[in-house]
Amino acid sequence: MSGGFTFVFKGEKGEKKLMEKMRKTYDRMDMLENARDEARACLQQAAERAIKKAELPKPNTEDGKLPDFVVEVPGDASHGDLAANLALVSAKAFGLPPRKIAEAIAAQADTRGMFKKVEVAGPGFLNLFYDDAFFGSIVICACVTGEDYGRTNVGGGEKVNVEFVSANPTGPMHLGNARGGALGDCLAEALAWAGYDVSREFYINDAGNQIAKFGLSLAVRYLQIVRGEENVPFPEDGYQGDDIRERAGEFYDIHGDAFAGKPQEELERALIDYALPRNISDIKEHLARYRIGYDVWFSESALHQSGAVDAVVQKLAEKGATYEKDGAVWYKATEHGGDKDEVLVRANGVPTYFAADIAYHADKFERGFARAIDVWGADHHGHVARMKGALDALGLDGSRLDIVLMQFVRLVRDGEPVRMSKRTGKAITLTDLLEEVPVDSARFFFNMREPGSQIEFDLGLAVAEDSDNPVYYVQYAHARICSILRTLEGEGITLDMPRAFGCANFPVADEERALIRRIAAFPGEVAAAAKGYDSARITRYLIEVATAFHKFYTNCRLKGEEEMLQQARLALCMATKHVIHNGLGMLKVDVPERM
RNA sequence: GCGCUGGUAGCUCAGCUGGAUAGAGUGACUGGCUACGAACCAGUAGGCCGGGGGUUCGAGUCCCUCCCAGCGCACCA
C-alpha cells in the first residue's frame with residue numbers, strides 16, 4: 001500500500017523542498033501500480049461496508065472472503081481510468097445479479113481523493129475515474145524524476161546475465177545477429193531500468209569443429225593462392241565466404257608461400273592464430289558501431305583449457321547421469337526430460353559443444369548470477385530442454401536459465417528472397433545492413449516485433465522507408481517538444497514547477513488526459529518488458545506516446561495561453577520529453593532536438 | 001513420425017493473469033497549415049480472430065482435435 005496520496009503542492013514553499021517531498025511520495029515511481037492498489041482497497045472496503053450495513057449478504061465462499069478480482073486499465077477511456085470486475089466474479093458468492101452488487105459497492109465507495117467517481121457500467125463493471133489532481137500528480141512525478149522516470153525496483157537488484165549475439169567468429173555477422181543484438185541489448189537495458197543488476201555477455205565459440213573447419217578452409221584458400229585455384233579442390237563443407245579468401249590473402253601478403261611446404265596442421269594453426277583474433281576484433285568493432293557493448297567476452301576455449309569442461313563431465317558422471325557406449329560418453333538426457341541421450345565426449349576423446357555449453361552455463365551460476373538469459377536463434381530450440389535438464393542434473397536449478405528464442409529474419413530484396421546461409425557466401429552481413437539502413441531504424445525495427453515472430457526485412461523497402469519509419473514518428477514528437485521549448489524560451493517563458501502545479505484547472509482537454517495516461521503507464525511498461533523478456537513492448541509503447549502527444553499538440557496550445565495553464569502544459573510537454581528520451585535511450589536510438 | 005514457434009483487416013502486427021461494440025500502423029479513398037514544426041492530425045472503407053468440438057455468466061485468450069507455414073530431431077555448433 002502506498003499510504004495514500006497527499007496533494008499539498010499548492011501551499012508548498014520553495015521548489016527544492018517540493019522536489020524532495022515529491023521524490024519521497026513517489027518513491028515507488030510506478031504511480032499506476034499505486035493507483036491500482038488504491039482502487040482495489042477502495043472497492044474491497046466498500047464491499048465490506050456494504051456487507052456490514054446489510055446492503056449485501058455475507059459472501060457464500062469457502063473462507064467467507066470476497067473472491068479475487070482484477071483491476072485493469074480499460075482500452076476505452078469512456079470506461080474509466082481503472083476498471084474492476086469485482087461484482088462480476090462475486091455474482092455466485094452473493095447470489096445476486098452483478099449489476100446489483102456493483103451498485104451496492106459503488107454506493108459505499110470512499111474515493112480517497114484519488115478518484116473523481118466510481119461508475120457502474122456494462123454487465124457490472126466498476127469503473128473508476130481519476131481526480132484531476134491525480135492526473136496532475138502524474139505529470140509532476142515524471143517531471144521531478146526526469147531522466148530516472150520509468151525506473152522501478154521490481155528486479156530487486158537480482159544479478160542477471162544476458163547473453164546475446166555470440167556470433168560465430170569464423171565469419172562476419174548476419175541478419176540474425178543484427179536482430180539478436182538489437183533485442184538482447186534492449187532487453188538488457190529494460191532489465192536494468194526495472195532494477196536488475198545486469199551483465200551483458202558474448203560467448204566466443206573459439207573452439208570445436210567449426211574452428212577446425214575454419215582452419216581447413218583458410219588453408220585451402222591459401223594453397224589455392226600459392227598453387228592456383230584449379231589445382232587445389234575446395235572441400236564440400238568448407239566455409240565458402242569471401243571473408244575466408246580475404247583472410248588467406250592477407251596471410252599470404254605477409255608470409256608469401258613460406259607456409260606452403262609446412263605440414264597441414266601447422267599451416268592451419270598459423271592461419272587460425274592469424275585470422276581468429278582479427279575476426280573477433282571485427283565483431284567487436286561492428287557491434288560497437290551498432291551501439292552494442294559487453295561487460296564480458298567469454299571464451300569457449302578458456303573453458304577447455306582450464307579443465308572446466310572435463311570437470312563438468314566428471315561431475316555428471318559422479319551424479320550417475322552418464323554412461324559409455326561405442327567409446328563415447330553419453331549424457332542420460334532421457335532421464336531429465338529429453339527425447340534422447342546426448343554425446344558429451346566423442347569416441348575420439350574430444351568433448352562436444354553440448355558439454356562445453358553445460359560447463360559454460362554452470363560457470364555463469366558459479367559467478368553468482370541468480371538468472372541467466374540467453375537470446376538464441378529458433379534453430380537452437382531443441383537445445384533448450386536438454387540444457388536446462390543438464391543443469392538440473394548438476395544440481396543447479398535449470399529453471400534459472402531462460403532462453404529467448406528468436407525466429408529468423410527472412411531477407412528479401414525487391415520481392416526476391418535472399419539466401420542467408422553462411423556457406424553460400426552471399427549472406428547479407430550486419431555491416432552491409434548498416435551501410436544501407438541507419439542504426440536508429442535497424443534497432444527500432446528489430447525491436448518492433450516479438451522475438452517469436454518471424455519477420456521479413458525488405459532491403460529495398462528499408463532504404464526507401466526513411467520518412468515512413470515509425471522511429472521518425474517518435475523522434476519527431478521529441479523534436480516538436482524541443483521546438484516548443486525553444487519558442488517559449490525565446491519569449492522568456494520557462495517551466496516553473498510550483499507554478500505549473502498550482503494550476504487549478506488541469507487537465508482540461510481529453511487529449512491531455514489521454515497523454516497523461518500513457519505517461520503514467522511508462523514504469524509498468526518497462527517492468528513488463530523486462531519481466532516478459534519482450535522489448536517490443538517499449539517500441540509499441542513509444543509509438544503510443546508519440547501518437548498521444550501529436551494529438552495533444554494539434555488540439556492544445558501553449559503559446560499565447562493563460563499563464564497557469566501554459567505552465568501546466570509546459571510540464572506535460574516536459575514529462576513527455578522525459579518519457580521519449582528515456583524510452584528511446586533504452587533502445588539506444590538517437591533523441592534529436594531537431595530533425 | 002515426434003517436438004518447438006506461429007496462423008487476428010489487402011499487407012505488417014497488438015490484444016496484459018479469460019471480460020464491456022476485436023485494436024494500431026500501412027495501403028486505398030476524403031478532408032485539415034494566415035497560430036508553438038503537415039516527418040502531423042481528423043474521417044471513410046476493410047474481420048466466420050486457420051477449421052471443428054468443449055469448459056462458463058462470458059473465449060482471439062483456457063482444453064481437445066484437425067489443417068497450414070517456418071524451424072528442429074548428428075559422436076555439427
Side-chain angles (χ1 to χ4, degrees), chain A residues 68 70 72-76 78-79 83 85 88-89 91-92 97-98 121-125 127 166 168 170 205 207-211 213 237 300 325-330 338-340 342-354 356-357 377-385 405-408 410 448-456 458 465-477 479-488 490-491 493 511 524-525 528 532 534 536-537 540 543-544 546-547 549-561 566 569 573 594-595:
Chain A
D68 287 336
V70 176
E72 59 174 9
V73 180
D76 186 342
S78 70
H79 293 149
N85 64 350
L88 291 164
V89 295
K92 268 187 187 162
F125 285 100
N127 296 338
S166 298
N168 199 325
T170 55
N205 295 117
N209 264 345
Q210 88 277 14
I211 293 297
K213 204 187 287 178
D237 60 344
E300 181 186 350
K325 192 181 90 181
D326 305 331
V329 179
W330 293 72
D339 298 333
K340 54 184 184 45
E342 302 286 337
V343 172
L344 290 172
V345 184
R346 299 181 184 94
N348 64 10
V350 179
T352 59
Y353 167 85
F354 181 49
D357 218 17
D379 54 332
H380 287 68
H381 70 74
H383 195 51
V384 175
L405 283 177
M406 180 183 70
Q407 291 291 329
F408 283 139
R410 291 217 328 252
M448 283 219 308
R449 278 163 213 132
E450 286 169 19
S453 65
Q454 49 190 49
I455 55 177
E456 197 171 272
D458 191 317
E465 204 182 30
D466 46 348
S467 74
D468 291 333
N469 198 312
V471 73
Y472 295 101
Y473 182 76
V474 177
Q475 288 178 324
Y476 182 54
R480 266 184 152 179
I481 293 169
C482 293
S483 174
I484 296 173
L485 298 180
R486 280 192 301 269
T487 304
L488 292 182
E491 296 178 7
I493 300 164
E511 288 82 6
E525 285 291 335
D534 182 11
R537 290 191 75 114
R540 286 198 297 268
I543 291 169
E544 285 172 17
T547 301
F549 176 77
H550 288 309
K551 287 182 185 181
F552 160 77
Y553 180 89
T554 44
N555 290 289
C556 303
R557 301 196 58 77
L558 281 85
K559 203 174 161 183
E561 200 53 78
Q566 185 180 56
R569 285 183 173 164
C573 285
R594 291 172 214 266
M595 49 194 293

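In this text, all values refer to a predicted model and were calculated from it rather than measured experimentally. Order of the sequence lines fixes the chain letters, A, B, ..., with proteins taken first and strands second; residue numbering starts at 1 for each chain. Quick note: numbers below take in every heavy atom, side chains included, and nothing from hydrogens, waters or symmetry partners.
- Listed nucleotides B:A77, B:U12, B:U5 differ in distance to A:Gln407; the shortest reach to its side chain belongs to B:U5.
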What's touching nucleotides 41-47 of chain B from the protein side, N or O pairs under 3.5 Å?
residue	atom	partner	partner atom	Å
B:C41	OP1	A:Tyr473	OH	2.5
B:A42	OP1	A:Lys551	NZ	3.3

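- Distance, A:Leu488 CG to B:C36 P: 12 Å, rounded to whole Å.
- Counting any heavy atom pair closer than 4.0 Å across all strands shown, A:Ala536 reaches no nucleic acid atom.
- Nucleotide B:A35 is matched to nothing when pairs are restricted to Watson-Crick or G-U wobble geometry with both distances under 3.5 angstrom.
- Heavy atoms of A:Ala121 sit under 4.0 angstrom from at least one base atom.
- Atoms CZ and CE, from A:Arg449 and A:Met406 in turn, are 15.0 Å apart once rounded to the nearest 0.5 Å.
- Base pairing of B:C48 is not made with any nucleotide, judged by Watson-Crick or G-U wobble geometry with both donor-acceptor distances under 3.5 Å.
- Minimum atom distance to the side chain of A:Asn127 is reached by B:A20, of the listed B:A20, B:A14, B:U12.
- Within the 4.0 angstrom heavy-atom criterion, base atoms lie near A:Ser483.
- A:Val70 comes within 4.0 angstrom of a base, heavy atoms only.
- The A:Arg557 side chain lies nearest to B:A35 when the options are B:A35, B:G37, B:A20.
- By the criterion of a centre-to-centre distance under 5.5 Å and near-parallel planes under 30°, the ring of A:Phe125 forms a stack with the base of B:A20.
- On the C1' atoms, B:C49 is 43 Å away from B:C36, given to the nearest whole Å.
- Comparing B:G19, B:A20, B:C36 against the side chain of A:Ile484 picks out B:C36 as the nearest.
- Nucleotides B:C13 and B:G47 have their C1' atoms positioned 15 Å apart, rounded to a whole Å.
- Of the P atoms belonging to B:A22 and B:G27, the separation is 25 Å, rounded to the nearest Å.
- Aromatic stacking of A:His79 on B:A20: satisfied, with centres closer than 5.5 Å and planes within an angle under 30 degrees.
- Note on ring orientation: taking the six-membered ring where Trp is involved, the planes of A:Phe354 and A:His383 are perpendicular (angle over 60°, cut-offs 30° and 60°).
- Among the protein residues, A:Asp534 comes within range of no part of the nucleic acid, since none of its heavy atoms lies under 4.0 Å from any strand.
- In this structure B:C73 sits in the anti conformation; its chi angle is more than 90° from 0.
- Ranking B:C71, B:C13, B:A74 by closeness to the A:Lys340 side chain, first place goes to B:A74.
- In this structure, B:A20 forms no base pair with any nucleotide, since neither Watson-Crick nor G-U wobble geometry is met with both distances under 3.5 Å.
- In this structure, CZ in A:Phe125 is found 8.5 Å from NE2 in A:His79, a value given to the nearest 0.5 Å.
- Going from the P atom of B:U5 to that of B:C64 covers 13 Å, rounded to whole Å.
- The partner of B:C71 is B:G3, by the rule that a Watson-Crick or G-U pair needs both atom distances under 3.5 Å.
- Using a 4.0 Å heavy-atom cutoff across all strands shown, A:Cys556 reaches at least one base atom of the nucleic acid.
- Nearer to the 5' terminus of RNA chain B, by closest-nucleotide assignment, is the contact made by A:Arg594 (compared with the other of A:Gly382 and A:Arg594).
- Residue contacts shown for A:Ala347 include a base, since a base heavy atom lies under 4.0 Å away.
- Taking the C1' atoms as reference points, B:A77 lies 47 Å from B:G19, given to the whole Å.
- Nucleotide B:A35 holds its C1' atom 14 Å from the CZ atom of A:Arg569, rounded to whole Å.
- A:Val89 comes within contact range of at least one nucleobase, with a heavy-atom separation under 4.0 Å.
- A sub-4.0 Å separation between OP1 or OP2 of B:A39 and a side-chain N or O of A:Tyr476 is present.
- For the C1' atoms, the distance from B:G15 to B:A69 is 22 Å, rounded to whole Å.
- Distance check on atom P: B:C11 versus B:C2 gives 31 Å, rounded to whole Å.
- Closest to the side chain of A:Trp330, out of B:C75, B:C36, B:A20, is B:C75.
- Using a 4.0 Å heavy-atom criterion, one finds that A:Met595 contacts the bases of the nucleic acid, with or without backbone contacts as well.
- When both distances must be under 3.5 Å, the Watson-Crick or G-U wobble mate of B:U26 is B:G10.
- Note on ring orientation: taking the six-membered ring where Trp is involved, the planes of A:Phe552 and A:Phe549 are tilted (angle from 30° to 60°).
- To the nearest whole angstrom, the two P atoms, one in B:A9 and one in B:G52, are 16 Å apart.
- Within the 4.0 angstrom heavy-atom criterion, base atoms lie near A:Ala479.
- Here B:A77 sits opposite no nucleotide as a Watson-Crick or G-U wobble pair (both hydrogen-bonding atom distances under 3.5 Å).
- No donor-acceptor contact under 3.5 Å links the side chain of A:His383 to the base of B:G72.
- Backbone-only engagement by A:Asp379 is indicated by non-hydrogen atom pairs under 4.0 Å involving sugar-phosphate atoms exclusively.
- Remark on RNA chain B: of its neighbouring residues A:Ala328 and A:Glu450, the 5'-side contact belongs to A:Glu450, judged by nearest-heavy-atom nucleotide.
- Annotation: salt bridge (charged side-chain N to carboxylate O under 4.0 Å, His left out) contacts of A:Lys340 (sequence neighbours excluded): A:Glu342.
- Residue A:Phe354 is out of contact with every strand shown, counting any heavy-atom pair closer than 4.0 Å.
- Heavy-atom neighbours of A:Asp68 CG from other residues, nucleotides or ligands within 6.0 Å: at or below the threshold of 12.
- Taking side-chain N and O atoms only, A:Asn209 has a distance below 4.0 Å to OP1 or OP2 of B:A77.
- Listed nucleotides B:A20, B:A39, B:G3 differ in distance to A:His381; the shortest reach to its side chain belongs to B:G3.
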